[in-house]
Every structure is written in C-alpha cells, then in structure tokens.
Amino acid sequence: MRKRMIGIAALAASAVLLAGCGGGGNGGGGTGGDVDFDAEPTGSLTAWGFENADDVGQARLDYAEEQLSDVDVELDATAFDAQKFTTRIASGDVPDVVQMDRRYVTQYAAQDLIIPLDACFEAHDVTPDDYWYPFVVDDVRYDDEVWAVPQFYQPPAIILNKRVMDEAGVTAEEIDTSNPDALLGAIGKMYQESGGVPTRLGLDPVSTGQAPLWILGMGGQLTDEDGTPTLDDPSNIAGIDMLTQINDAQGGYASVKSFTDSFDTFGENNQFVADQVGAQVNAQWYPNVLSPYVDQIQIEAVPFKDSEGNPFSVAGGQAFVIPAGAENPTAACAWMIALTNEEAWAAAGAARAATREEDGGINTGLFTGAPGPDRSIRDEYVVESGNAGFDQTISTYYDVLDYGRSFGSSPAGQDIQNELNNAVTAALLGDKTPEEALADAQAAAMRAYENATAG
C-alpha cells in the first residue's frame, strides 16, 4: 500500500514537472527578435526539467527526443527555485529551457530575464490562443507578447461526500457558492464538533490555498489590465467575507486549519474515507488520489460558482521559458513545442492508460492546458468506471474547463499570490480587518511590482 500511495502522489504531482539548467550548443543567444527559430534545431540543450518525471512526463520526453534526433538534451531533475534562477542568470550560467509556475513568467519578462516567444510560435505554425485555452495564454501574456509555452490547467471544483450529505439531509443543490444562505445552512447541518474542536467540516474551503478562487469568484480582481496589483480594491472584500462566514460557522479559521492539517490527505484514512468533510474544494488531480478507495467512499462533485451563479475556475499551471542569453534558443523553442503538441499529449495519454490498466485505477484523463488534447484523451481513454458518483466527479471537472479565468499577468504575480494569502490569513484570524489586511498586502505587492519594473 505504501508503494501504491507513493505512486499515486507522484501521479497527482504530474502537473509540476519541468524547469532548466546550463547553456547549450548551436542556435546563438539572443532576446527573441534576433533568433532564427526557423533554423534546423541541432546541438546540445540543457533543461532544468522533469523533476520526478512520471509516466506522463517520460512519455513526452521520449516523444520529443524522437522528433529532435539532432539535439542532445541534458536534464537537471531538480525543482525550480526563484533565487537560484536569478543567481544563475547573473553569473552567466544561463539555462536553455526553464519550467516554472506561470505566476513567475511575467515577473521575469518585465525584467528582461526571458525572451518573448511570438517568433518561436510563428516558426512552428502555432497560434497560442487557438491551441491553448485563451485564459491559459493570458497567464503568460505581457506587453502584447507571449513569453512562455504553457502546460497543464487543472481546474478546481467541489467534491461532495454523499455519505455525509445524505446523513445530514443535504442535497448537492445546497452546495452553491453563489447562494451563501443555502451554503451556510448546509454547512451547519453537516458540521460536527467535540468540546469545541471540529470533528467534521460541512465544507473545507481551503481558505488560503484557494484564496484567489474565492476572491476572483466573488467579483474581485488581483491586478488591473496592465498587471498593476489591485489587492486593496473594495471588490476583494466579498471573497474574504464569504470565507469568514464559512470558517466562523465551523469553529473559526484557527480551529478549521488545525483540523485540516491533521487530514491523511494522500493516505488510506483520507478525509473522504474518514468522513471528516461533507464537501471540499479540490483541484482536478485529487480524484486520482481517491481512486484506490473508490469502494470506501461515495462522492460526486459540483462546480464552484461565481457570485452570479455561473461555473467559475482559475487557470493556474506551469510553463516553459527561454532565458535571455540562452545559447541554443532555436533548439529550446523546438523542444518546448515538441513537448506540448497534440502528438506529445497523445503519447502521454497512452502512457497513462497503460499505467491505469496495470494498476487497475480509474483513468481521470489529462488536463493539458489545451482543449484539443484534453478532448482527444477523454474520448479515447476516459470510460465508465462502474461507479456512477466517481464518473460524475470526473465529468464535472471536464465541464468546468471552459469557465477558466487567468489569475492576471503581472510582474509581481508570485508576490501578489503570497501577499493575498497573508492578507486572507490575517483577516480570518481577526488580526486585521479585511480592509487593513488588503491595504498592507497591496503595499507589499506594489513594492515588488515597482522593483520588477524599475529598469
């Protein structure tokens, strides 16, 4: 079982898998405009990449290697680190390809540490807004240029514990984030405690991990159209107020956080097996974790809804970039495209299907960041499991794919996320009013923004 759970955890982390290291061979360094992306890719290329590559990652690597037989790729399988990246750039130890969270991309674009990729896409006949979901591309669009090759988009939704809901007399229609009265009523019916300590949550909103979802979904905004932080915008109060009501209905944020920290999230006594939640906000990868326990749980899912009652999602994920001064940008461009085209994802889909056949697990599909591969993989490999509730859960995640929204492309993207989490935590603990917390967060985010755009 331990080996199986290690494997499941690796599958769940399959969206976090590529970054870059060291300079390459042919192609000539440049800033994008002076690179011949039409040239034949050859020479050596180093990539900080595929940290703990799973079946999906390895299949794509193998496919890209077959397509670029004249490129010698050397992988450094260590995780991306922001401080290490800027240090290496400063020292001249420039990678050819780096993978990072998309929230970092605009930060480095504003500092001219990476090159724009419009010419790369044109050379390979790729129109980003046609191939990827447009809101995924919006994550890496800045100053009217696209700066990264995106991959993965695993939308959040709300997984329901039908066993707990049925016991409390709660219906799926009541788990509606656009209807606070109904939602809070359902939470109250399902919530249980002992001596003031939660023993079951009606809804785990994942308050800080999913803070942007709640803020944006309730009508807020994290940046303006130019990428300037807007954390102190009055529209952001609604999301914090909603989280405050949900946490206060279940003993307060401190008690909720302490309880959720005790969950065996990846284990055989996870919160759905143990009936510790009636519902929980989860990203698309989490059904993979639950699949070994399909006979011990009763789940369905509903979309997260915005304040107007429409399905709502946010489009986080990873991306590949080419640092400024990379020695082989021509090969880097070709390699990134090869790793993310439809054929690469088809190979990945086949590899995942083989894994599922071998381990007997349920194929929940792959959420690639591009609608074409998503549909193809679903049509070919996502079949009925024999468990109607689990199949409905998988279907719900597919249903919300088209409702995504970018976090907002900003030179202070990562700082905005960090400061928002700090603000939400402070407000939920009662250390600051929401207005005070957001004002402090805005001041810190603006300092980061000004530093990133100073030169």
Side-chain angles (χ1 to χ4, degrees), residues 1 3-18 49-67 75 77 99 131-133 136 149-157 159 266 282-294 299 301 315-320 335-387 390-401:
M1 175 61 72
K3 289 182 179 178
R4 188 176 191 187
M5 284 316 303
I6 290 173
I8 289 292
L11 293 178
S14 66
V16 232
L17 299 176
L18 261 154
F50 273 85
E51 177 198 6
N52 299 323
D54 65 356
D55 52 351
V56 169
Q58 191 59 53
R60 295 163 61 212
L61 280 173
D62 293 344
Y63 170 81
E65 182 179 2
E66 292 173 2
Q67 303 308 303
L75 296 177
Q99 177 188 268
Y131 181 67
W132 289 280
Y133 297 96
V136 169
V149 175
Q151 61 167 353
F152 296 110
Y153 154 42
Q154 295 178 305
I159 298 180
F266 293 94
N282 287 107
Q284 179 275 331
W285 56 261
Y286 196 62
N288 286 297
V289 175
L290 296 177
S291 66
Y293 313 106
V294 65
I299 65 170
Q318 303 288 310
F320 302 122
W335 192 63
M336 296 187 301
I337 297 298
L339 286 167
T340 56
N341 67 23
E342 294 216 29
E343 290 77 15
W345 285 116
R352 176 52 56 84
T355 300
R356 291 282 76 92
E357 183 174 355
E358 181 180 346
D359 64 18
I362 298 172
N363 195 327
T364 64
L366 296 177
F367 288 62
T368 68
D374 284 352
R375 285 192 298 268
S376 297
I377 292 169
R378 182 186 189 183
D379 290 345
E380 187 164 0
Y381 299 116
V382 180
V383 298
E384 291 186 3
S385 69
N387 184 297
F390 208 98
D391 292 343
Q392 187 273 343
T393 300
I394 295 170
S395 181
T396 297
Y397 281 102
Y398 274 105
D399 290 344
V400 301
L401 276 170

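No hydrogens, no waters, no symmetry mates; every other heavy atom, side chains included, goes into these values.
Note: Phe152 CZ to Thr368 OG1 = 8.0 Å, rounded to the nearest 0.5 Å. Here the CG atom belonging to Asp391 is positioned 11.0 Å from the OG1 atom belonging to Thr364, to the nearest 0.5 angstrom. Atom-to-atom distance recorded for Thr396:OG1 and Leu401:CG is 11.0 Å, nearest 0.5 angstrom. Note that CD of Glu65 and CG of Leu339 are 11.0 Å apart. Values are rounded to the nearest 0.5 Å. Atom CG in Asn387 sits 7.5 Å away from atom CD1 in Ile299 (nearest 0.5 Å). Between Phe390 atom CZ and Ser395 atom OG the span is 13.0 Å, to the nearest 0.5 Å.
With 3.5 Å as the limit, one finds a donor-acceptor pair spanning the side chains of Tyr133 and Asp374.
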**Prompt:** Where do Glu342 and Tyr131 land on the side chain to side chain contact (heavy atoms under 4.5 Å, CB included) test, with the steps shown first?
**Reply:** CA-CA 9 Å; Glu342 294 216 29; Tyr131 181 67; 3.6 Å; yes
**Request:** Please test Trp345 against Val56 for side chain to side chain contact (heavy atoms under 4.5 Å, CB included), starting from the C-alpha separation and ending with a verdict.
**Result:** CA-CA 8 Å; Trp345 285 116; Val56 169; 4.0 Å; yes
**Intermediate values then yes/no, side chain to side chain contact (heavy atoms under 4.5 Å, CB included), Ile394 and Ile362** = CA-CA 10 Å; Ile394 295 170; Ile362 298 172; 3.8 Å; yes
**Prompt:** Can you check side chain to side chain contact (heavy atoms under 4.5 Å, CB included) on Asn282 and Tyr397, steps first, answer last?
**Reply:** CA-CA 10 Å; Asn282 287 107; Tyr397 281 102; 3.6 Å; yes
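Using a 4.5 Å heavy-atom threshold, the side chains of Glu357 and Asn363 count as separate.
Of the options Asp55, Asp54, Asp62, a side chain to side chain donor-acceptor pair (under 3.5 Å) to Gln58 is made by Asp62 and by none of the others.
Closest approach of Thr340 to Pro150, counting heavy atoms only: CG2-O, 4.0 Å. The shortest non-hydrogen separation linking Arg60 to Ala344 is CG-O, 3.7 Å. Taking both residues in full, the closest heavy atoms of Ala59 and Ala351 are given as CB-CB, 3.7 Å, listed atom of the first, atom of the second, then distance.
A cation-pi geometry, defined here as NZ or CZ lying under 6.0 Å from the six-membered ring centre and within 45° of its normal, does not hold between Arg352 and Tyr381.
Under the 3.5 Å distance criterion, the side-chain polar atoms of Gln151 are left unmatched by any main-chain donor or acceptor of Gly317.
The aromatic rings of Trp335 and Phe320 are tilted relative to each other, their planes meeting at an angle between 30° and 60°.
Proximity of the aromatic rings of Phe367 and Trp132 is defined here by a centroid distance below 6.0 angstrom, and this criterion is not met.
Other residues, nucleotides and ligands contribute more than 12 heavy atoms inside 6.0 Å of the CD atom of Glu343.
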